[in-house]
Asker: 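Okay, handing you the structure first.
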Protein chains: 2
Amino acid sequence: MDRRQRKTREAIFDAFTELLSKKDYSQITVGEIIEKADVGRATFYSHFETKDFLLKELCEELFCHIFDTANEQNSGHRHIFSCDAPDSAFLHLFQHLKRNDNNIAFLLSCRNNELFLGYFKKDLKLLVENQIEIFESRKSNLLPQDFWVNHITSVFVETVRWWINNGMKESPEKITSYFFLSV
Amino acid sequence: MDRRQRKTREAIFDAFTELLSKKDYSQITVGEIIEKADVGRATFYSHFETKDFLLKELCEELFCHIFDTANEQNSGHRHIFSCDAPDSAFLHLFQHLKRNDNNIAFLLSCRNNELFLGYFKKDLKLLVENQIEIFESRKSNLLPQDFWVNHITSVFVETVRWWINNGMKESPEKITSYFFLSV
DNA sequence: CTGATAATGAACAATGTGTTCGGTAACGAA
DNA sequence: TTCGTTACCGAACACATTGTTCATTATCAG
């Protein structure tokens with residue numbers, strides 16, 4: 001990728017992120033983004049079809065890394081399928097968030113977290129499906145499979161939401177225990 | 001309320017609802033709404049400050065009834081606090097949805113259900129707080145109170161979402177049992 | 001019937017969107 | 001360094017949408 005492209009793409013992402021901390025997604029205009037990013041209008045539209053696509057690509061870039069490493073955690077032959085496993089993929093996710101790599105936690109906490117949590121949930125569901133055996137229990141046998149997957153995924157997302165909105169005071173280990181307790 | 005006011009308000013709500021079944025909330029314009037509702041532009045803005053307020057008021061009107069009756073269910077001295085109680089407030093909610101009074105289920109299922117579920121959740125949380133004793137358990141004692149309330153509320157909302165998106169094939173009784181099982 | 005109130009429709013400025021295009025500057029490969 | 005390619009610029013553009021205004025007409029409740 002051309003260095004110029006990378007630079008403008010970065011500048012637009014940064015400007016967009018900064019604006020998201022101040023106002024609603026729906027209130028942000030392309031004009032504001034390009035002004036803050038200091039790029040031309042035509043440049044913006046050569047990179048992103050619309051503002052919605054900008055959001056989408058930002059999420060993909062952000063979540064790509066965090067979920068790739070989380071999935072690796074589960075690959076290979078090390079099947080640590082205990083709820084108490086100190087290095088479960090879910091604990092790793094919470095740790096990533098705590099470290100706030102790439103402002104992920106920040107974006108998930110801002111006014112428009114619905115938007116991000118939606119994309120987050122999509123990726124998360126794949127992880128849950130891969131690790132569904134962890135959650136086998138008396139309950140899970142009485143419920144339809146996809147209801148159960150949805151349930152786990154939702155509980156994780158809502159745990160993240162609660163944690164972030166409350167200032168992430170708890171340690172990743174503690175919040176992981178909350179998650180496994182409540183699921 | 002003046003009959004004229006009621007009529008236009010109704011017409012706008014109807015037009016808005018119909019449009020929501022066809023396109024994203026963000027893609028719907030005031031122009032489309034007033035055309036379909038067959039009212040003047042100035043009339044629209046004399047009723048609703050913006051499109052967002054229209055959504056808000058629609059939700060309030062829709063959920064007001066359903067939650068009022070649900071809360072009554074819990075008032076008085078009949079405290080039926082068993083999870084298996086066949087007439088819990090939660091069962092009543094599922095029954096309301098199944099009957100699809102006022103197109104509530106329809107709106108909660110359409111493309112933009114995030115918006116509606118957001119408002120729905122706000123009202124629901126009050127109900128859960130009132131009935132939190134139902135959910136006392138070993139788990140609930142190990143988790144912070146507001147984490148627990150959030151958890152129950154979210155699980156209910158996600159159960160509704162799953163049910164509606166899957167065509168509401170299960171009976172209200174069945175889905176109530178799913179809810180109490182998974183919570 | 002009558003005074004009050006709501007709806008109309010047309011016009012309005014202001015703002016935002018997405019596209020176009022010729023000129024300029026930075027790029028990477030040879 | 002050179003050279004062909006590619007991205008950026010910036011200004012302009014047509015177009016759509018927003019939210020407001022106002023004089024006029026229709027409908028209301030008592």
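Small disclaimer: the values here were computed from a predicted structure and weren't measured. So that the names make sense, note that chain A is the first sequence line, chain B the second, and so on, each numbered from 1.
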Asker: Side chain of B:Arg41 only, heavy atoms from C-beta on: which candidate in C:dA7, C:dA10, D:dT18 is closest?
Answerer: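 Comparing C:dA7, C:dA10, D:dT18 against the side chain of B:Arg41, the answer is D:dT18.
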Asker: Take atom CD1 of B:Ile34 and atom P of D:dT17, then tell me their distance rounded to the nearest Å.
Answerer: 11 Å
Asker: Provide, to the nearest angstrom, the distance between the CZ atom belonging to A:Phe53 and the C1' atom belonging to C:dT17.
Answerer: 15 Å
Asker: Determine whether a donor-acceptor pair (one donor, one acceptor, N or O, separation below 3.5 Å) exists between the side chain of A:Arg4 and the base of C:dA26.
Answerer: yes
Asker: Could you please name the option among D:dT18, C:dA10, D:dA7 that lies closest to any side-chain atom of B:Val30?
Answerer: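 Comparing D:dT18, C:dA10, D:dA7 against the side chain of B:Val30, the answer is D:dT18.
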Asker: Would you kindly compare A:Tyr45 and B:Arg9 by the position of their nearest DNA chain C nucleotide and give the one closer to the 5′ end?
Answerer: B:Arg9
Asker: Where the side chain of A:Lys169 meets the backbone of A:Asn166, is there a donor-acceptor pair that is under 3.5 Å apart?
Answerer: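 Looks like yes, one N/O pair under 3.5 Å.
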Asker: Give the minimum heavy-atom separation between A:Leu181 and B:Lys139, together with the two atoms involved.
Answerer: O-CE, 3.2 Å
Asker: Taking for each residue the nucleotide of DNA chain D with the nearest heavy atom, is it B:Asp2 or A:Thr43 whose nucleotide lies nearer the 5' end?
Answerer: A:Thr43
Asker: I need the CZ-P distance between B:Arg6 and C:dT5, as an integer number of Å.
Answerer: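 Value for this atom pair: 17 Å.
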Asker: For B:Thr29 and B:Lys51, test the side chains for any donor-to-acceptor distance below 3.5 angstrom and give the result as yes or no.
Answerer: no
Asker: Can a side chain N or O of A:Thr8 be found less than 4.0 Å away from OP1 or OP2 on D:dC8?
Answerer: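 True: A:Thr8 side-chain N/O within range (under 4.0 Å) of D:dC8 OP1/OP2.
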Asker: For A:Lys51 and C:dT15, what is the distance between atoms NZ and P respectively, to the nearest whole Å?
Answerer: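 These atoms are roughly 17 Å apart.
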Asker: Are A:Ile175 and B:Leu142 linked, directly or through intermediate hydrophobic residues, by side-chain heavy-atom contacts shorter than 4.5 Å (ILVMFWY only)?
Answerer: yes
Asker: What is the separation between atom CD on A:Gln5 and atom C1' on D:dC9, rounded to the nearest whole Å?
Answerer: 15 Å
Asker: How long is the line joining CD of B:Glu49 and P of D:dT18, in whole Å?
Answerer: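 Rounded to whole Å, this separation is 15 Å.
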Asker: Please determine if a side-chain N or O atom of A:His47 lies less than 4.0 Å away from the OP1 or OP2 oxygen of D:dA7.
Answerer: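 Looking at the OP1 and OP2 atoms of D:dA7, neither is under 4.0 Å from any side-chain N or O of A:His47.
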Asker: In whole Å, I'd like the distance from the CZ atom of B:Phe48 to the P atom of D:dT18.
Answerer: 15 Å
Asker: Could you please name the option among C:dG9, D:dA11, C:dG28 that lies closest to any side-chain atom of A:Arg3?
Answerer: C:dG28
Asker: What nucleotide, of D:dT18, C:dG28, C:dG9, holds the atom closest to the side chain of B:Thr29?
Answerer: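 Within the option list, the nearest is D:dT18.
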Asker: Cut-off 3.5 Å, side chains only: do B:Lys121 and B:Ser154 have a donor facing an acceptor?
Answerer: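 On atom types as modelled, these side chains qualify, holding a pair under 3.5 Å.
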Asker: Using whole Å, report how far CZ of B:Phe44 lies from P of C:dG9.
Answerer: 17 Å
